[in-house]
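Report on one structure; see the data block that follows.
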Protein chains: 2
Amino acid sequence: MAEPIPIRGGKPSGDARRPGRAPAGPYLYAALRDQIVRAELAPGERLSETELGERLGVSRTPIREALGRLRDDRLVEVRPQIGTFVARISPAAVSDAQFIREALECTAVRVAAELADVESMAQIEENLRAQERAIERVDIDSWQLLDDTFHRNLCDLSGHPAVWPVNERAKSHLNRLRRLSLRMPDYLSTMVGDHRAIADAVGGHDPDAAEVALREHLRAVLREVPRIREEHPDYFEEP
Amino acid sequence: MAEPIPIRGGKPSGDARRPGRAPAGPYLYAALRDQIVRAELAPGERLSETELGERLGVSRTPIREALGRLRDDRLVEVRPQIGTFVARISPAAVSDAQFIREALECTAVRVAAELADVESMAQIEENLRAQERAIERVDIDSWQLLDDTFHRNLCDLSGHPAVWPVNERAKSHLNRLRRLSLRMPDYLSTMVGDHRAIADAVGGHDPDAAEVALREHLRAVLREVPRIREEHPDYFEEP
DNA sequence: GTCCGACCGCTTGTATACTAGTATTTCTCG
DNA sequence: CGAGAAATACTAGTATACAAGCGGTCGGAC
């Protein structure tokens with residue numbers, strides 16, 4: 001697992017300190033969530049607060065705060081007195097997350113298509129070019145960040161910045177699948193092609209076309225589920 | 001404020017114990033959220049973890065857990081070393097919450113209208129009758145619970161039970177306004193009339209009519225905002 | 001050989017203590 | 001009398017200790 005996170009109040013590990021000495025909870029939450037999404041903490045794996053604290057160089061208290069949020073996100077399951085377990089991927093939870101994601105992002109993209117101005121489209125264009133550069137470098141990590149930024153920018157273009165945080169947490173299960181999808185050949189090029197189609201519809205002020213393109217794009221990951229399940233049956237809940 | 005909450009581990013206050021001795025955090029979260037929604041904890045009011053713990057008969061730890069979730073819901077703002085403040089109602093947050101609520105509930109009701117069967121409609125009918133009885137008794141608390149159940153049942157009818165918890169947390173700001181709306185004469189009768197129109201469209205398997213009726217219904221509370229703001233200007237953020 | 005009870009090791013939930021930061025109040029000096 | 005500095009009181013964040021519960025193991029009895 002990761003080396004101890006340098007944060008305020010934690011036992012010194014080397015002299016590395018996080019700039020600004022921000023509270024540890026949010027940082028730990030992001031770090032643990034990322035490890036779960038990347039399957040570095042495998043579905044079904046048993047965690048303990050004490051052990052996580054020792055590994056990350058902090059006491060149980062900020063670990064508990066982070067795990068509390070992960071429990072809210074349904075990424076871990078806490079069983080009192082037994083332990084904390086990385087949640088397995090539930091087909092029902094995936095279906096629910098997909099429903100929420102489509103409802104939020106497709107509604108937002110319609111409004112974005114109505115409101116899009118030159119400045120917003122320039123920002124989206126820049127993001128698309130960065131995605132293409134990341135693919136040329138086969139830099140999957142960068143591409144994934146840019147992918148998220150693309151979708152976030154569209155949501156924010158609706159004028160409702162609170163949509164993205166809600167969407168992001170609701171789609172945690174999908175993020176796990178998306179991460180597992182990335183190793184398919186030509187997958188990223190297909191994704192960027194979809195992104196360009198969506199951007200063209202938004203820039204052309206066509207809400208219907210934007211929604212259709214986005215909905216189709218969002219469903220791509222679901223088509224990967226059977227293959228992912230075949231490669232990683234232990235990642236999934238029993239049906 | 002409320003008398004101490006009987007929970008596991010807390011200092012005994014009388015001998016009342018909650019059945020099953022469940023953890024305190026979720027209970028405190030619900031209690032504090034309810035007090036914020038009811039404006040019993042006024043917007044802008046300064047809380048401290050120590051004081052809340054003393055009032056509620058528990059240590060700071062479960063209070064912190066509850067406040068962490070309330071912070072996620074944007075119902076409180078935590079300023080380290082200064083205090084925790086009940087969030088004022090932000091017009092932008094209200095607008096965002098309304099957007100999310102419409103996106104989720106209107107998408108869900110369309111699916112519900114397609115899937116509704118006799119058993120589901122019977123459950124919704126029973127809820128509507130209970131709403132009418134609550135209005136006859138002028139029992140606003142019961143009605144509000146039934147109102148939530150009505151909307152929840154519609155969401156659940158989409159086959160995606162995860163929608164409601166996401167929606168419920170996202171619309172916390174709207175709940176505050178809904179609570180403040182209830183004292184209008186004839187408001188509840190209008191609400192139940194809307195509910196019946198929605199139910200009729202769902203039962204009639206008419207997704208378009210169900211969405212239109214629900215969207216109009218959901219927007220009713222926004223029309224109350226100017227009056228609420230006039231009566232309680234201190235509840236709102238500066239524009 | 002099987003079953004049951006006791007014990008141990010681990011867990012989470014909560015209480016308490018410590019630390020660092022912030023704001024307010026009080027005191028001193030010009 | 002006002003301004004600035006120092007002291008004080010409060011806060012949240014984190015570390016640590018204690019309590020209760022759960023599951024597994026081992027030993028004794030049948």
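Per chain, numbering begins at 1; letters A, B, ... match sequence-line order.
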Between P of D/dA12 and CZ of B/Arg60, the distance in whole Å: 7 Å
For A/Arg137, all residues meeting side chain to side chain donor-acceptor pair (under 3.5 Å), sequence neighbours excluded: A/Asp139
Just N and O in the side chain of A/Thr61: are any of them under 4.0 Å from OP1 or OP2 of D/dT14? no
Whole Å only: how far is the CG atom of B/Leu52 from the P atom of D/dC10? 16 Å
How many whole angstroms separate atom CD1 of A/Ile82 from atom C1' of D/dG23? 7 Å
Do any side-chain nitrogens or oxygens of B/Ser59 fall under 4.0 Å of OP1 or OP2 in C/dT14? no
With side chain to side chain donor-acceptor pair (under 3.5 Å) as the test, would you mind laying out the steps for A/Asn127 and A/His195 before giving the verdict? CA-CA 10 Å; A/Asn127 174 275; A/His195 286 174; 5.6 Å; no
Does a side-chain N or O of A/Thr84 approach OP1 or OP2 of C/dT12 to a distance below 4.0 Å, or not? yes
Quick one: CG on A/Leu128 to CG on A/Asn153, what's the gap to the nearest 0.5 Å? 10.0 Å
In this structure, how many angstroms lie between the C1' atom of D/dT14 and the CG atom of A/Leu56, rounded? 15 Å
Minimum side-chain heavy-atom gap B/Leu67-B/Leu28 below 4.5 Å: no
Measure from the side-chain heavy atoms of A/Ala24 and tell me the nearest of D/dT14, C/dT14, D/dG13. D/dT14
So which one's nearest nucleotide on DNA chain D is more toward 5', A/Gly25 or B/Arg46? B/Arg46
Please tell me which of the listed nucleotides, D/dT14, C/dA20, C/dT12, lies nearest to the side chain of A/Pro62? D/dT14
Mind calculating the distance between CD (B/Glu49) and C1' (D/dA12) to the nearest angstrom? 5 Å
Looking only at side chains, do B/Asn167 and B/Glu105 share a donor and an acceptor under 3.5 Å apart? yes
In whole angstrom, what separates A/Glu54's CD from D/dA15's C1'? 13 Å
Integer-rounded Å distance: C/dT16 P and B/Ile63 CD1: 13 Å
From C-beta outward on B/Pro23, which listed nucleotide comes closest to its side chain: D/dT11, C/dG13, D/dT14? C/dG13
From CD of A/Gln81 over to P of C/dT11, roughly how many Å is that when rounded to an integer? 12 Å
